[in-house]
Structure formats: structure tokens, C-alpha cells
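Atoms within each ligand, like the ligands themselves, are counted from 1 in listed order.
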Amino acid sequence: MRQEKLYDRLFKKEESGVIILFDPDRSSIEETLRKIDKLNNNNMVKAYFIGSSFQIAFNLDEYVKRIKENTDRPVIMFPSSHSQLSRYADAVLYMSLISGRNPHLLIGEQLRMVPFIVETGIEAISTGYILIDGGKITSVEFMSNTKPIPRDKAELVAYHAKAAELFGFKLIYLEAGSGAIYHVPFDAIKRTTEFLSIPVIAGGGFVSLRDIEKAIKSGAKHIVVGTAVEKNKLFV
Ligand code: 1GP
């Protein structure tokens, strides 16, 4: 029997919750494992993303391997470049930054990821990645050299997401950028999820349980949280 895809399990069957993002450039393996030990006991935590806006300056494989050894939650790569992949992860978000007009992040990096994905057979979850203004210039905006969609243009967010769905993408990630002042607006989540039939996740700037719950009520499947966990303000 064919093994059930992580995509179906996490983004369709699983109840809504949070995905915790660890940035290996900002959280040492010891610190990450200490937090994972606590997060593993929290039913809201559904998976872990591993990713960074910068070049990772140490052994990424070892980082992912150690996390895998210490949790039964799925561990998914969230790469900003083809060099941020690890065979020890359960899957990779195969993302295209579709709100931007930078060909390098629409198809260039993805092309460079092909040999790794083919060789390892790792599950690649095709994801339309949409950047929305989070009230400041975040690393993803600066590093990607793309303009985010204005916060008050929910219809533009929904149309970008719909275009991704029409292209055959399986997941939408609405991103305000790590450390955003304002998270993705609830109405953008609502407009997008009402317009689409594929799952939508959102992240960037979520620092309270109340807002996470409201975003899920607005239609998001899961909310990605990084900074609030890194700063010990939520869940740890
Ligand atoms: C960034 O959406 C994630 O890609 C998480 O953002 O660090 O603001 O939680 P925060």
C-alpha cells in the first residue's frame, strides 16, 4: 500500500494548529531541542519548519537529524535557497514567491532544487508563497528584493492565491515576514480561503494565542510562529 502523504495528513486531515519555525541561524541546536521538548507536549503544535533568510553557516543535516530524533511531529524544510535542504527532513516546502516579480525566486532556486528532490525522493509540497506588508521591511522582503502586497488589498492577495491554485499549487502560505509588526490581516485570510479550495497557512508577526485562534477562525489551516517562540513569549 502506498504511504499516506504528509501533505494530506498535515494540511487536510489534521486539526488546525500551529507550526513552529526554527531558524538555525538564530537558535542553537541545544536551545531548539530544549524548546522542542516542551512543544512536543502541546497538542496545538502540529509540525516544525526549519528555515532561514540567510546562508546557513553550519551543519544543517545534523540540526535536522537531531530534531527528528527528538520529536514525532513532522519536520519540514522551509528553504530560502537550494542550499537549505536536508535529506533528514520529512518534506520540503517547494515554494514560489508568486507575489514578487523576481524570476530567481519564481523558478530559479526551484530549478536548482530538482536534483536533490529527485535523488532523495523527498516529498515536495508545491506552495504559492505570498508576501504581504507587515508594517516594516522584513528580512524576506529585503533578501527577496520583491515588494509585498499592501495590507489593505485583500483582493490582490486572494487573486494571487487563486492564480497559484489554477497553476496547480497545493498549498498557499500568506507571509507577513518574520518579526512583522502586523500579522497577515484577518480579512485577507478570509477572502483568500473563501475563494480557494486548497489549504492556506499564514505566518509572520503572530505573538498572541488570541490572534492565532482568530486567524484560524478566519480560515487558515495552520499558523506559523517563529519569533514568539524564539523570544520565549509563546508556548515555551
Ligand atoms: C516567518 O512566518 C514565519 O517566515 C514566522 O514569523 O518569526 O514573526 O513568527 P515570526
Side-chain angles (χ1 to χ4, degrees), residues 10-11 16-28 31-32 35-36 39 42 44-56 73-81 84-85 89 91-100 105 109 125 127-146 148-149 151 157 160-161 171-186 188-189 192 199-216 218 220-236:
L10 182 61
F11 296 109
S16 288
V18 293
I19 295 174
I20 307 297
L21 168 67
F22 285 108
D23 178 342
D25 279 350
R26 282 160 49 170
S27 177
S28 69
E31 183 66 5
T32 302
K35 286 181 176 162
I36 281 182
L39 293 165
N42 188 326
M44 269 193 92
V45 176
K46 306 299 181 187
Y48 299 108
F49 279 177
I50 311 295
S52 167
S53 299
F54 298 96
Q55 192 60 39
I56 288 168
R73 305 290 205 289
V75 177
I76 300 170
M77 301 313 293
F78 169 49
S80 60
S81 87
Q84 292 177 14
L85 296 168
V92 53
L93 282 194
Y94 193 56
M95 305 186 294
S96 183
L97 180 47
I98 58 155
S99 57
L105 296 173
E109 282 299 325
I125 300 169
T127 305
Y129 190 53
I130 298 177
L131 186 59
I132 299 158
D133 182 22
K136 69 176 212 184
I137 298 177
T138 56
S139 298
V140 57
E141 177 180 346
F142 182 78
M143 297 300 285
S144 68
N145 205 10
T146 66
I149 298 177
R151 300 185 54 70
V157 175
H160 275 80
L171 180 71
I172 297 294
Y173 189 162
L174 302 181
E175 171 74 275
S178 188
I181 297 172
Y182 310 112
H183 58 70
V184 174
F186 299 122
I189 296 176
T192 305
V200 174
I201 61 173
F206 282 97
V207 292
S208 81
L209 213 49
R210 201 175 136 264
D211 283 353
I212 289 171
E213 279 162 5
K214 216 169 157 194
I216 289 172
S218 304
K221 180 69 198 178
H222 300 304
I223 299 301
V224 184
V225 180
T227 306
V229 169
E230 192 187 306
K231 294 192 171 162
N232 300 314
K233 292 195 171 141
L234 215 54
F235 305 122
V236 287

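Residues Ile19 and Ile76 fail the side-chain proximity criterion, which asks for heavy atoms closer than 4.5 Å. Between Thr146 and Leu131 the shortest side-chain heavy-atom distance falls below 4.5 Å. Side-chain contact between Lys233 and Val207 is absent, with no heavy-atom pair separated by less than 4.5 Å.
Close approach to Gly203 involves these atoms of ligand 1, each under 4.0 Å from a residue heavy atom: 2 (O). The distance from ligand 1 to the heavy atoms of Gly205 drops below 4.0 Å at these ligand atoms: 8 (O), 10 (P). Residue Glu175 has at least one heavy-atom neighbour below 4.0 Å for each of these atoms of ligand 1: 1 (C), 2 (O), 3 (C), 4 (O). Per-residue contacts place Val225 under 4.0 angstrom from the following atoms of ligand 1 (heavy atoms of the residue considered): 9 (O). Contact atoms of ligand 1 toward Gly226: 5 (C), 7 (O), 9 (O), 10 (P) (distance under 4.0 Å to a heavy atom of the residue). Those atoms of ligand 1 with a heavy atom of Phe78 less than 4.0 angstrom away are 4 (O).
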Worked check of side chain to side chain contact (heavy atoms under 4.5 Å, CB included) between Thr227 and Phe206: CA-CA 8 Å; Thr227 306; Phe206 282 97; over 6 Å; no

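Residue Leu209 qualifies as enclosed at atom CG: its count of foreign heavy atoms under 6.0 Å is above 12.
Rounded to the nearest 0.5 Å, atoms CD1 (Ile201) and CG (Leu10) are 8.5 Å apart.
Tyr173 counts as a contact of ligand 1, since one of its heavy atoms falls under 4.0 Å from the ligand. In this structure, Gly179 has a heavy atom closer than 4.0 Å to ligand 1.
Side chain of Lys136 to backbone of Ala180: no donor-acceptor contact under 3.5 angstrom is found.
The part of Leu21 lying near ligand 1 is the side chain, judged by heavy-atom distances below 4.0 Å.
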